[in-house]
Amino acid sequence: MRASDTDRDAVAERLAGALSEGRLDMAEYDARLSSAMNAKTLGELEPLTADLPAPASAGSGPVDLAEVGAAGAPTRTWQDRLEPWRGLAGISIILIGIWTVTSVTSGELLPFWPAWPLSFMLIFTVVGVVTGSGNRKRDGGGSRNRIDGPDSDR
């Protein structure tokens with residue numbers, strides 16, 4: 001029976017696996033791969049992998065993708081939960097520090113003006129936490145939710 005491209009690709013994958021496991025050296029891999037790509041029949045492909053162990057089975061039965069996804073989902077740590085609040089805390093310290101220094105240098109207690117900008121920041125931080133927009137990691141590249149294939153150029 002004639003060999004298809006899929007058959008030749010399957011043999012090439014087994015040979016690559018054997019090379020990565022150290023079962024084949026580079027010269028033998030090149031020779032077998034060349035023979036596999038030039039094979040016309042299934043009979044020519046069989047001897048190329050006859051002395052290699054059978055590939056590990058991917059498992060038996062259907063796979064529940066929801067279960068697999070839930071098992072690999074990262075858990076949120078306490079540092080992740082505090083991330084949206086760090087900016088508010090930093091700006092609060094700076095503004096209250098400025099207010100304190102100006103109150104001390106003027107010799108009287110000035111009106112607490114940091115309440116205005118901090119209240120707006122508090123509102124935006126709470127909205128970000130509630131809607132979940134503050135939970136995204138910043139990757140710096142703007143490539144969030146993009147799947148890169150082998151031919152994609154970054």
Side-chain angles (χ1 to χ4, degrees), residues 3-30 32-34 36-37 45 48-49 51-154:
S4 68
D5 287 340
T6 305
D7 297 326
R8 285 186 279 275
D9 289 342
V11 170
E13 286 181 25
R14 277 192 67 192
L15 292 173
L19 177 67
S20 68
E21 292 172 353
R23 298 182 191 278
L24 297 175
D25 62 7
M26 194 61 172
E28 190 175 10
Y29 169 75
D30 285 337
R32 289 187 188 203
L33 183 63
S34 176
M37 292 298 121
L45 290 176
L48 298 174
T49 58
D51 61 341
L52 299 175
S57 65
S60 58
V63 175
D64 184 6
L65 294 178
E67 225 176 81
V68 171
T75 57
R76 289 189 67 195
T77 63
W78 64 271
Q79 291 99 340
D80 293 336
R81 290 188 185 106
L82 289 178
E83 183 65 30
W85 300 99
R86 287 185 1 177
L88 177 64
I91 295 296
S92 298
I93 291 169
I94 292 170
L95 292 179
I96 292 171
I98 293 171
W99 172 78
T100 304
V101 168
T102 56
S103 290
V104 168
T105 57
S106 70
E108 63 180 336
L109 196 60
L110 298 175
F112 190 68
W113 57 265
W116 290 104
L118 293 179
S119 62
F120 286 112
M121 283 190 64
L122 178 65
I123 291 169
F124 290 127
T125 302
V126 169
V127 168
V129 168
V130 169
T131 61
S133 64
N135 293 339
R136 288 189 217 124
K137 296 280 184 192
R138 310 247 182 328
D139 62 348
S143 62
R144 190 175 10 261
N145 296 332
R146 192 175 95 194
I147 299 174
D148 293 331
D151 297 332
S152 68
D153 51 304
R154 283 194 141 194

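Just so we're clear, the structure is a prediction, and the values are computed from it rather than from any experiment.
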### Query
Rounded to the nearest 0.5 Å, what separation is found between the CG atom of Asp25 and the CG atom of Asp30?
9.0 Å
### Query
If you draw a 6.0 Å radius around OH in Tyr29, do more than 12 non-hydrogen atoms from other residues or ligands fall strictly inside?
yes
### Message
Using only atom types and a distance under 3.5 Å, with no angle test, would you say the side chain of Thr100 pairs donor to acceptor with the backbone of Ile96?
### Response
yes
### Task
Answer whether the closest heavy-atom distance between the side chains of Leu122 and Trp85 falls below 4.5 Å.
yes
### Nearest atoms (heavy-atom pairs only) where Gly17 meets Ser20
O-OG, 2.9 Å
### Query
What's the spacing between Arg14 CZ and Asp9 CG if we round to 0.5 Å?
14.5 Å
### Task
Assess whether side chain to side chain contact (heavy atoms under 4.5 Å, CB included) is satisfied between Thr125 and Phe120, documenting all intermediate values.
CA-CA 9 Å; Thr125 302; Phe120 286 112; over 6 Å; no
## Note on the structure
In this structure, CG of Leu19 is separated from CZ of Arg32 (nearest 0.5 Å) by 11.0 Å
### Task
Begin from the C-alpha positions of Trp113 and Leu118 and carry the test side chain to side chain contact (heavy atoms under 4.5 Å, CB included) through to its verdict.
CA-CA 9 Å; Trp113 57 265; Leu118 293 179; over 6 Å; no
### Message
As an exercise, state the distance from CG of Leu33 to CE of Met26, rounded to the nearest 0.5 Å.
### Response
9.0 Å
### Nearest non-hydrogen partners of Trp99 and Pro111, listed with the distance
NE1-O, 3.1 Å
### Approximate separation, where rounding is to 0.5 Å, of Leu48 CG and Met37 CE
9.5 Å
### Summary
Shortest non-hydrogen pair, Leu110 vs Ser103, comes out as N-OG, 3.3 Å
### Task
Look up atom CD in Glu21 and atom CG in Leu52, then write down how far apart they are to the nearest 0.5 Å.
8.5 Å
